[in-house]
Amino acid sequence: MLQALVADNPNISQIDLVGHSMGGLVSRSALFYGEQDRLDWIKRVGNLITLGSPHHGAVLERIGNYVQDVIAKLPFAGSLAKLGDIRSAGIIDLRHGSIRDADWKALEGRSVLPQDFRHPARLPSGIKTYFVASALLETHYDSKVTDLLGDSLVSVASALGEDDAEHALFVPDGHKAIFYGVNHMNLIHSRRVREQVVEWLLDNGRSDYAGRPRIHSYPRSLDVAV
């Protein structure tokens with residue numbers, strides 16, 4: 001779709017990708033294959049911003065998969081277990097943050113993907129990348145509880161591309177923001193999040209965000225010193 005866009009509109013000078021949740025994985029996948037296939041559109045990408053994307057998987061999806069396995073072992077609940085198979089391939093991708101087709105080629109089905117099968121997918125060079133995470137709790141990110149709960153679907157560490165040495169995404173701290181008191185779905189409605197995204201896009205890489213500490217944003221009603 002992006003290749004067709006630039007082919008039909010050759011005057012487009014820059015493309016910015018902003019993806020919420022699975023949209024961030026879709027954007028990263030498109031960038032990975034665009035760079036691999038040397039497509040023209042990738043040369044025009046300036047910024048990539050992801051909002052609550054499970055770069056290292058979503059805890060809730062893993063729990064859902066575990067519960068499905070438990071139910072499947074109950075003789076009187078077999079039909080209930082089959083409901084889990086209705087989940088789309090995209091939702092299943094949320095379990096471990098998979099974005100490459102190679103993860104699936106040796107497997108019988110997407111629902112059996114173990115974490116060890118995930119292939120590394122580094123971020124393309126030359127594209128300014130920003131990660132947004134959120135937390136239900138209105139407290140500073142310095143506890144395991146805050147990280148585990150995350151935004152109710154994705155942990156803070158996963159949304160920031162951290163907590164997985166093999167698949168770590170090396171984005172500078174200054175390109176990361178954590179919004180407290182915001183759940184997963186409200187990331188796309190929060191005024192605080194919107195203002196930060198607009199600031200990054202308008203700046204377009206002119207400022208040295210890389211040299212700054214990560215952003216901690218609290219509800220307006222709170223006066224928290226970091």
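Quick note: numbers below take in every heavy atom, side chains included, and nothing from hydrogens, waters or symmetry partners.
- Judged as a side-chain contact (heavy atoms from CB on, under 4.5 Å), and not counting sequence neighbours, the contacts of N204 are Q14, N47, K128, R206.
- Scanning all heavy atoms of the two residues, the minimum distance from P54 to L25 falls at O-CD2, 3.8 Å.
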(Q) Before you tell me yes or no, could you show the steps for L31 and I42 under side chain to side chain contact (heavy atoms under 4.5 Å, CB included), namely the whole-Å CA-CA distance, both residues' side-chain angles and the distance that decides it to 0.1 Å? (A) CA-CA 7 Å; L31 288 168; I42 198 170; 4.0 Å; yes

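- Both V156 and Y180 are members of a single hydrophobic cluster when ILVMFWY side chains are connected at heavy-atom separations under 4.5 Å.
- L17 and L123 fall within the same hydrophobic cluster, defined by Ile, Leu, Val, Met, Phe, Trp and Tyr side-chain heavy atoms under 4.5 Å apart, directly or through other members.
- Note: S158 OG to L153 CG = 9.0 Å, rounded to the nearest 0.5 Å.
- In this structure, the side chains of E199 and Y209 come closer than 4.5 Å at one or more pairs of heavy atoms.
- Taking the six-membered ring for Trp and thresholds of 30 and 60 degrees, Y130 and H175 have nearly parallel ring planes, at less than 30 degrees apart.
- Atom CG of D208 sits about 10.0 Å away from atom CG of D203, to the nearest 0.5 Å.
- Note that CZ of R192 and CD1 of I215 are 12.0 Å apart. Values are rounded to the nearest 0.5 Å.
- The closest side-chain heavy-atom distance from L201 to I49 is below 4.5 Å.
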(Q) If you apply the rule side chain to side chain contact (heavy atoms under 4.5 Å, CB included), what do you find for L169 with E162, and how did you get there? (A) CA-CA 7 Å; L169 301 173; E162 303 169 346; over 6 Å; no

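- The shortest distance between side-chain heavy atoms of V132 and W200 falls below 4.5 Å.
- There is no path of hydrophobic side-chain contacts, each under 4.5 Å, that joins V18 to I127.
- Here the side chains of R212 and P172 are not in contact, with every heavy-atom distance at 4.5 Å or above.
- Here the straight-line distance linking atom CD1 of I12 with atom CG of L5 works out to 3.5 Å at 0.5 Å rounding.
- Counting heavy atoms from C-beta outward, V154 and S53 have side chains that stay 4.5 Å or more apart.
- What you find for N9 and R44 is that their closest heavy atoms are O-NH1, 3.9 Å.
- Side-chain atoms of S134 come within 3.5 Å of backbone atoms of V182 as a donor-acceptor pair (strictly under, hydrogens ignored).
- H20 and H184 have tilted rings, their planes meeting at an angle from 30° to 60° on a 0 to 90° scale.
- For the residue pair G52 and A159, the shortest heavy atom distance occurs at CA-CB, 4.1 Å.
- Between the CG atom of L160 and the CG atom of D173 there is a distance of 8.5 Å, given to the nearest 0.5 Å.
- Under the 4.5 Å side-chain contact rule for hydrophobic residues, L51 and F179 share a cluster.
- V197 and M22 fall into different hydrophobic clusters, defined by Ile, Leu, Val, Met, Phe, Trp and Tyr side-chain heavy atoms under 4.5 Å apart, directly or through other members.
- Taking the side-chain contact (heavy atoms from CB on, under 4.5 Å) definition, one finds that Q3 meets it with V6, L39, D40, W41, sequence neighbours left out.
- Within the model, atoms CG of N186 and OG of S152 stand 9.5 Å from one another, a figure rounded to the nearest 0.5 Å.
- For the pair M185 and H189, the tightest heavy-atom approach, listed with the atom from each and the gap, is O-CD2, 3.5 Å.
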